[in-house]
Protein chains: 2
Amino acid sequence: MNKPSSTAMAVERLRNLIFKGELPPGSDHLETELAAQLGLSRTPVREALLVLESQGLVDVRPRKGVRIRPISPKDMAEIYDVLTELESLAARRAAEAGHDAEALAPLARSIDNMDRALASEDREAWASADDQFHMELVRLGQNARIASIVQMMADQVRRARQVTLYMRDPPLQSNDDHRRVLDAIASGAPDKAAQLHRAHRDAAKATLIALLETHQLKQL
Amino acid sequence: MNKPSSTAMAVERLRNLIFKGELPPGSDHLETELAAQLGLSRTPVREALLVLESQGLVDVRPRKGVRIRPISPKDMAEIYDVLTELESLAARRAAEAGHDAEALAPLARSIDNMDRALASEDREAWASADDQFHMELVRLGQNARIASIVQMMADQVRRARQVTLYMRDPPLQSNDDHRRVLDAIASGAPDKAAQLHRAHRDAAKATLIALLETHQLKQL
DNA sequence: GTATGCGTTAATGTATACATTAAGCAGGAA
DNA sequence: TTCCTGCTTAATGTATACATTAACGCATAC
């Protein structure tokens, strides 16, 4: 049990504040205030902000405070493009790797979780299981760099999903997609896995962008 | 003309030291020593190291010094996979964007530069022009996130290329590839551009990995 | 001889003091 | 008024002092 450093804690706490919307997108904050809020000195907070900046969550703008980076529809499109490419490759590699049922169990479990969440209309649970699915998928793809980039991009759109979660119909189609991707991976069909996942992601992108336009959400 | 901060300078100087091999892969360095070497206090150096860590160039290992991250053949394969996917998408988007000849001029120029470098057998110049080509390509792809990821990954393999630059035959084939990608982009053929570039990258990956195996280079 | 545990110490983690800088305002000239 | 100029000051950038911690060696017990 390693004691986490103040910097690491600051990163975690600031991330949570951002995701919970307590530090809203577009808002500015002084290092000093954030430090006071977290009960730390500026040093670890500064270091945390540097990390968060490298993860694309904030912009450090000297003398104007750190800005919680807002996500525009264009950003969203960029991010989905990256996710589509890299996750599809991960699906391909996962299929090539010949994972057995045991290795695929977590992925299957995440799909079950989504089913359950849909049945009980628990959208938070669904979102969390969806995260789990995508995380597992890239883990199975066995490329650490892809996994970490995907994680970063997913973080960046997390707020946006939170907002849209209750705006759209329950994503019933989505889980069929997931299951088919899993089948393709289990049966060792790389091309099919990649292609199915790509289609899944493209559909998700289109849905989300349409939602944002409908609701005139210019930034989140 | 903005005065760069010490942290920014430290990032730059450390990057250069790493690329030039003065901080060799796998070597460990104390914050204090690096600070002394750069004539700075620990603070900006620490911040610089945090940035470099987020870019995958070093590992900060408490009490053991920062390690200049070595790249293994497996790392190389991971990185090339990411580059292949993202640059191919960039090529596709560039073709879709309908850039005119003027917009494509820098890309064309980089190809000319490679030709010239090949003719005069100047491999450093070739490498630099090759960088320019890939940088321009992702710029034309109009996805800032792809551009920055590609930049990061390219940095990570820079040392390796430096080593292999003189080990292999002059990359004559390579420039035909580049020209065909440019043509596909210029003529607005997204699928073709993406596919050509993908093939180009796959070939490069295979060549490089083979080289590393032949020479038993386990890490760079 | 080996293993265990404690003390030393060197390195990092954190706080704070200090330097620098640019944003904004006040005051005066055009 | 409007535009410049220089001052003020608040915020960040940097250095340094101080606290904490984990690695290592040495002593001691078995």
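Predicted, not measured: the structure shown is a model, and the values here were computed from it. Chain identifiers are assigned alphabetically (A, B, ...) following the order of the sequence lines, protein sequences preceding nucleic acid strands; residue numbering begins at 1 within each chain.
A distance of 10.0 Å separates CG of A:D28 from CD of A:E33, quoted to the nearest 0.5 Å. In this structure, CE in B:M153 is found 7.5 Å from CG in B:L83, a value given to the nearest 0.5 Å.
Within a 6.0 Å radius of CE in B:M152, other residues, nucleotides and ligands contribute more than 12 heavy atoms.
Between B:T43 and D:dT14 there is no side-chain polar atom (N or O) within less than 4.0 angstrom of OP1 or OP2.
With no hydrogens or angles considered, a side-chain donor-acceptor pair links A:N113 and A:Q132 at under 3.5 Å.
Ion pairing between A:D81 and A:K205 holds under the 4.0 Å rule for side-chain N and carboxylate O. A salt bridge links B:D155 with B:R158; the closest basic N to acidic carboxylate O contact falls under 4.0 Å. Salt-bridge annotation for B:R69 and B:D75: absent, with no side-chain N of the basic residue lying under 4.0 Å from a carboxylate O of the acidic one. Note on A:R198 versus A:E85: salt bridge recorded, some NZ/NE/NH1/NH2 to OD/OE distance being below 4.0 Å.
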Strictly under 3.5 Å: I want the nitrogen or oxygen pairs between protein and nucleotides 10-13 of chain D, one per line.
| unit_1 | atom_1 | unit_2 | atom_2 | d |
| --- | --- | --- | --- | --- |
| D:dA11 | N3 | A:R63 | NH1 | 3.0 |
| D:dG13 | OP2 | A:R46 | NH1 | 2.6 |
| D:dG13 | OP2 | A:R46 | NH2 | 3.2 |
| D:dG13 | N7 | A:R42 | NH2 | 2.9 |
| D:dG13 | O6 | A:R42 | NH1 | 3.2 |

So which protein N/O to nucleotides 5-8 of chain D N/O distances come out below 3.5 Å?
none

